[in-house]
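As the structure is a prediction and not an experimental result, all values here were calculated from the model. The figures that follow rest on heavy atoms only: side chains count, while hydrogens, waters and symmetry mates do not. Start at 1 and go down the list; that is how both ligands and their atoms are numbered.
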Amino acid sequence: MALNSKVPQGPLKDKWTDYKNKINLVNPANKRHIDVIVVGTGLAGGSASATLAELGYNVKAFAYQDSPRRAHSIAAQGGINAAKNYQGDGDSTYRLFYDTVKGGDYRSREANVYRLAEVSANIIDQCVAQGVPFARDYGGLLDNRSFGGVLVSRTFYAKGQTGQQLLLGAYSAMNRQIARGKIEMFNRHEMLDVVIVDGKARGIIARNLVTGEIERHSAHAVVVASGGYGNVYFLSTNAMGSNVTAAWKIHKKGAYFANPCYTQIHPTCIPRSGDYQSKLTLMSESLRNDGRIWVPKNLEDVKLIREGKKKPTELSEDERDYYLERRYPAFGNLVPRDVASRAAKERCDAGYGVNATGEAVYLDFAASFVRYGTEQAKIKGLTNPSENEILELGREIVKAKYGNLFQMYEKIVDENPYETPMMIYPAVHYTMGGVWVDYNLMTTVPGLYCIGEANFSDHGANRLGASALMQGLADGYFVLPYTIGDYLADDIRTGKISTDTPEFDEAEKAVKDSIDFFINNKGKHSVDYYHKKLGKIMWDKCGMSRNEEGLKEAIQEISDLRKDFWTNVSVPGGANEYNEELAKAGRVADFLELGELFAKDALVREESAGGHFREEYQTPEGEAKRLKEFQFVSAWEYKGEPKDAVLHKEPLVYENIEVKERSYK
Ligand SMILES: Cc1cc2nc3c(=O)[nH]c(=O)nc-3n(C[C@H](O)[C@H](O)[C@H](O)COP(=O)(O)OP(=O)(O)OC[C@H]3O[C@@H](n4cnc5c(N)ncnc54)[C@H](O)[C@@H]3O)c2cc1C
């Protein structure tokens, strides 16, 4: 199948406006006769559901949590970007576009990114109108902070709870429609398959997670907004429930998957503490506005710190290596995430890691306490303030900005980050890869859309901070509601879609068979046993550093593990009850297939990009090859079962951007 991105002709900056002016519309009276299923009610699915219902479509929204408010989006801490230029520091639509494409290692679809930058400003207005309490400055205007890989302050935030506040905004917009009967909300329902009729997506099979009942739901179009699949690594910053099932099921029914192996490795997570951990915790990137990252300069100090014989606070400035500031003076601690992650790993691999596992660097706020404290002392008119007074005043400012993050760190690590530097290490955080979509956000299956983190999206090989919320809300509030009409305009006479068809029978049977297998298998290992093993293979062999030999081993090991899973997995409890282990079994089964495709994707990429580096190409020749490939490597797209993965290479169309080395010096 030839892929057609359907990017409209014309200058980049006019594409979206011209396109909207010309696409088909569905008139308000006809929208009443059209049903749309939205799987997922995080920021992407929640905003899409609310907007589609507001437009007049009948929406059926599904989420496996007990409320849309509990979607993983709630975890987002740091902020959301928009090219508003409120700080007057030179921001513009073009700059946001440029930063995003460059930050993604020139592997994004430019037309989508330009559109994203264009609508970013509307998102903020929309959310403010909903009452989202963005931080404001002294004069009452919306405040901004800076995130990695950019030289402006364009990030809007609500303390360290931006995702939660935005989600409450989308949720209230949804609730208005739920009350009107325009959204039918199916909480605690998990989509387990999509139903394709005559080549078009016409419904889903879902399991009621409370009663175990298997249900058929039909619609004229299906939108998947099921979030990212970082939990394929077992340990990640994602919510425990985040999974690939919806995206994987649609892939198996014909939706292509793009860039599966591009994963964002976030530099500022709380380091792993041992083998019995089930979750990693993010310390927001916003902390890099005020925290300085360092390791000791001398290995002797590293040894003493690890043995508990020296404290980091006892090291003088001369004894510290602020390696990001040293290597990237223009961006300092705010280089993009992939650059910061790779630099931390490089220092730790060289033996400078500061905790017992050797996998931690410091994130230190001492300089900010002094800087803010001195400023506050002046503002308050204190003459000759003591060192302690200055520190206290500075800490108060830092607390106001990041208080909840500091509290979270202290609870998890049991160390007071106001007294001693935080320890951080890179961890799996976001999946750039996902379901391939065209300019309309439609997958390769007609009538089947994919939005938010679940699609392969706008971020190329690496996502800049505060851009996932922007993309999810752009997709849901401002892009899909237009583009879906272009497709649905042909469905105004179709009438209700029946669920009493062989296609629904077949899909339902496959779901029931798989559930029966899990309940009756009575194997010897838990689902987590397999998930942990998969995660270890993924991190060791498909993590930040990859090589051909390791990837080939990973492919074989994942395949063996999958066979073992289907022989020996044990799922307690029954099918007709709330059974979390059963739900997990299905999700891990899908991770075990995705993992293999992931490793195959990584294997064929003769490149280092984003958070990953191929060891074979860490040479001057390899780097030269990599730069050359900027011109040729785009989304690498797959079809079919993992074992038959077919690779396509499609040249990127560089319209305005001059491709050059991505330099953060
Ligand atoms: C700790 C953390 C902090 C972050 N901070 C930021 C930040 O500051 N700024 C930023 O831009 N980004 C941030 N991100 C990234 C951002 O939060 C996510 O990329 C984004 O929220 C994803 O939104 P989504 O709507 O695509 O998916 P999600 O919020 O993950 O929602 C997925 C939805 O799909 C549903 N679902 C999934 N599978 C099924 C199924 N099979 N059946 C039915 N329903 C299903 C779920 O119930 C849920 O409603 C952060 C991520 C993490 C982990």
Legend entry - Per-residue contact class, His266 against ligand 1 - non-hydrogen pairs under 4.0 Å: neither
Legend entry - NZ/NE/NH1/NH2 to OD/OE distance under 4.0 Å, Arg216 and Glu508: yes
Inset, instruction - Would you mind checking which non-hydrogen protein atom is closest to atom 40 (C) of ligand 1, with the distance to 0.1 Å? - result: Met191 N, 3.6 Å
Legend entry - For Ala82, all residues meeting side chain to side chain contact (heavy atoms under 4.5 Å, CB included), sequence neighbours excluded: Lys84, Ser120, Ile124, Phe156
Legend entry - Flag for Asp338-Asn462: side-chain donor and acceptor within less than 3.5 Å: yes
Legend entry - ligand 1-proximal atoms of Glu285, by part, heavy-atom distance under 4.0 Å: neither
Legend entry - For Ser273, all residues meeting side chain to side chain contact (heavy atoms under 4.5 Å, CB included), sequence neighbours excluded: Gln277
Legend entry - Closest to atom 53 (C) of ligand 1 among Met470, His72, Gln161, Gln264 (heavy-atom distance): His72
Legend entry - Nearest option to atom 9 (N) of ligand 1, as decided by whichever heavy atom of Gly40, Gly79, Ala427 sits closest: Gly79
Inset, instruction - Salt-bridge test for Glu54 and Arg176: reply yes if a basic N is under 4.0 Å from a carboxylate O, no otherwise. - result: yes
Legend entry - Proximity winner for atom 33 (C) of ligand 1, if only heavy atoms of Ala71, Gly586, Ser73, Ala225 are counted: Ala225
Legend entry - Contacting atoms of ligand 1, where contact means under 4.0 angstrom from a heavy atom of Gly78: 7 (C), 8 (O)
